[in-house]
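Hydrogens, waters and symmetry mates play no part in the numbers below; they use all other heavy atoms, side chains included. Since we're looking at a predicted model, the values are computed, not measured. Ligands are counted one by one from 1 in listed order, and the atoms in each one are counted from 1 as well.
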Amino acid sequence: MKKDLVSIDDLALESILDYLDLAARVESMSGAEKASLLPGRILATLFFEPSTRTRLSFEAAMCRLGGRVIGFSEAAASSTAKGESFSDTIRTVEQYADIVAVRHPKEGTARLAAEISRVPIINAGDGANQHPTQTLLDLYTIRKFFGRVDGLKIALVGDLKYSRTIHSLCRALLLFEGVSMTLVSPETLRLPKYLMKAAAAATATFRESDSLAAALRECDLVYMTRIQKERFPDLVDYEKVKDSYRLDARMLEGVPGHFKVLHPLPRVNEISPDVDSTPHAGYFEQARNGMIMRQAIILDLLDARPGRSAT
Ligand code: NCD
């Protein structure tokens, strides 16, 4: 049966851990070994919304596995601009590709694509809903830095209302043992209630806070997010909150040596460039891990994992 990756909610903890292990395995392989895994296979990247990291890391992942890539990076360059339906686009692309990564501004489009398509669909972000491949790479990054996810104190900062990276990450962190999440956001950009309620059934906890400085003192890592301008129904509201948080190197003085700053990127001005040269900056390594995790995901969904005997 074909397998898709549409929502982090579709994955049990064991499947998440399995992806982390597979990514570690892929990372340890030589370039030549990797390049022999998917010769002749084709990934289609259908991006109806802007992207740098997600699309290019998917494409680099496929190329480095020996496969090839087709696709478009904006709806205007596809027949969508002529009025073609999303379903017809998917039905067409599945004739050409073995696997499809799709990003779309509307929530639920990846699920729709998965229902229609005979080939595996990967959700590369659907509106403000979910971004499961980002979550897997975030967890991979966290485990690489800390050796574990259980028991960590994590500050989630910025646009908790509209960030799909946050929505997926929170759901996944609730599956781990004793993770404590400090939620730092403007009043109008709080984490949605349905996610707050999900904590009731978990050993992980949520705590709301207004102070980034306090969160830095109390946590092991901070996950910053961009205020998602494109999701605001009214830009007047965006103007009010757009500069709510700005992390700079001075604010990190006194944090423990192991403290890390993560961000799915792109940043606008929520992390000052002077943080980049501190030992706490983890976001570019995080972006690199995106390529590795996406290799693991493509290999899994195409049922082409490297032979287990070499582990
Ligand atoms: C994020 C996204 O598109 O949701 N970016 C990414 O995929 N790395 C975050 C954002 O756009 O702010």
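Relative orientation of the F48 and H104 rings is tilted, given thresholds of 30° and 60° on the angle between their planes.
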Distance dump, ligand 1 polar atoms to protein, N/O, under 3.5 Å:
{"unit_1": "ligand 1", "atom_1": "3 (O)", "unit_2": "R103", "atom_2": "NH1", "d": "3.4"}
{"unit_1": "ligand 1", "atom_1": "3 (O)", "unit_2": "R103", "atom_2": "NH2", "d": "3.2"}
{"unit_1": "ligand 1", "atom_1": "3 (O)", "unit_2": "R164", "atom_2": "NH2", "d": "2.9"}
{"unit_1": "ligand 1", "atom_1": "4 (O)", "unit_2": "R164", "atom_2": "NE", "d": "2.7"}
{"unit_1": "ligand 1", "atom_1": "5 (N)", "unit_2": "L265", "atom_2": "O", "d": "3.0"}
{"unit_1": "ligand 1", "atom_1": "7 (O)", "unit_2": "T54", "atom_2": "OG1", "d": "2.9"}
{"unit_1": "ligand 1", "atom_1": "7 (O)", "unit_2": "R103", "atom_2": "NH2", "d": "3.0"}
{"unit_1": "ligand 1", "atom_1": "7 (O)", "unit_2": "H131", "atom_2": "NE2", "d": "2.7"}
{"unit_1": "ligand 1", "atom_1": "8 (N)", "unit_2": "Q134", "atom_2": "OE1", "d": "3.2"}
{"unit_1": "ligand 1", "atom_1": "8 (N)", "unit_2": "P264", "atom_2": "O", "d": "2.9"}
{"unit_1": "ligand 1", "atom_1": "8 (N)", "unit_2": "L265", "atom_2": "O", "d": "3.0"}
{"unit_1": "ligand 1", "atom_1": "11 (O)", "unit_2": "R226", "atom_2": "NH2", "d": "2.9"}
{"unit_1": "ligand 1", "atom_1": "12 (O)", "unit_2": "R226", "atom_2": "NE", "d": "2.9"}
{"unit_1": "ligand 1", "atom_1": "12 (O)", "unit_2": "R226", "atom_2": "NH2", "d": "3.3"}
{"unit_1": "ligand 1", "atom_1": "12 (O)", "unit_2": "Q228", "atom_2": "NE2", "d": "2.8"}

May I have the list of side-chain donor-acceptor pairs in residues 64-73 shorter than 3.5 Å, sequence neighbours left out?
none

Side-chain donor-acceptor contacts of residues 154-164 below 3.5 Å, not counting sequence neighbours, with atom names and distances?
{"unit_1": "D159", "atom_1": "OD1", "unit_2": "K161", "atom_2": "N", "d": "3.3"}
{"unit_1": "D159", "atom_1": "OD1", "unit_2": "Y162", "atom_2": "N", "d": "2.8"}
{"unit_1": "D159", "atom_1": "OD2", "unit_2": "Q228", "atom_2": "N", "d": "2.8"}
{"unit_1": "S163", "atom_1": "OG", "unit_2": "D159", "atom_2": "O", "d": "2.7"}
{"unit_1": "R164", "atom_1": "NH1", "unit_2": "E49", "atom_2": "OE1", "d": "3.0"}
{"unit_1": "R164", "atom_1": "NH1", "unit_2": "G127", "atom_2": "O", "d": "3.0"}
{"unit_1": "R164", "atom_1": "NH2", "unit_2": "E49", "atom_2": "OE1", "d": "3.0"}

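The list of salt bridge (charged side-chain N to carboxylate O under 4.0 Å, His left out) pairs with a residue in residues 110-126, not counting sequence neighbours, reads D10-R111, E94-R118.
Counted by atom type alone, D138 and Q134 present one or more donor-acceptor pairs between their side chains at under 3.5 Å. For the residue pair T80/S78, the side-chain donor-acceptor check at 3.5 Å is satisfied.
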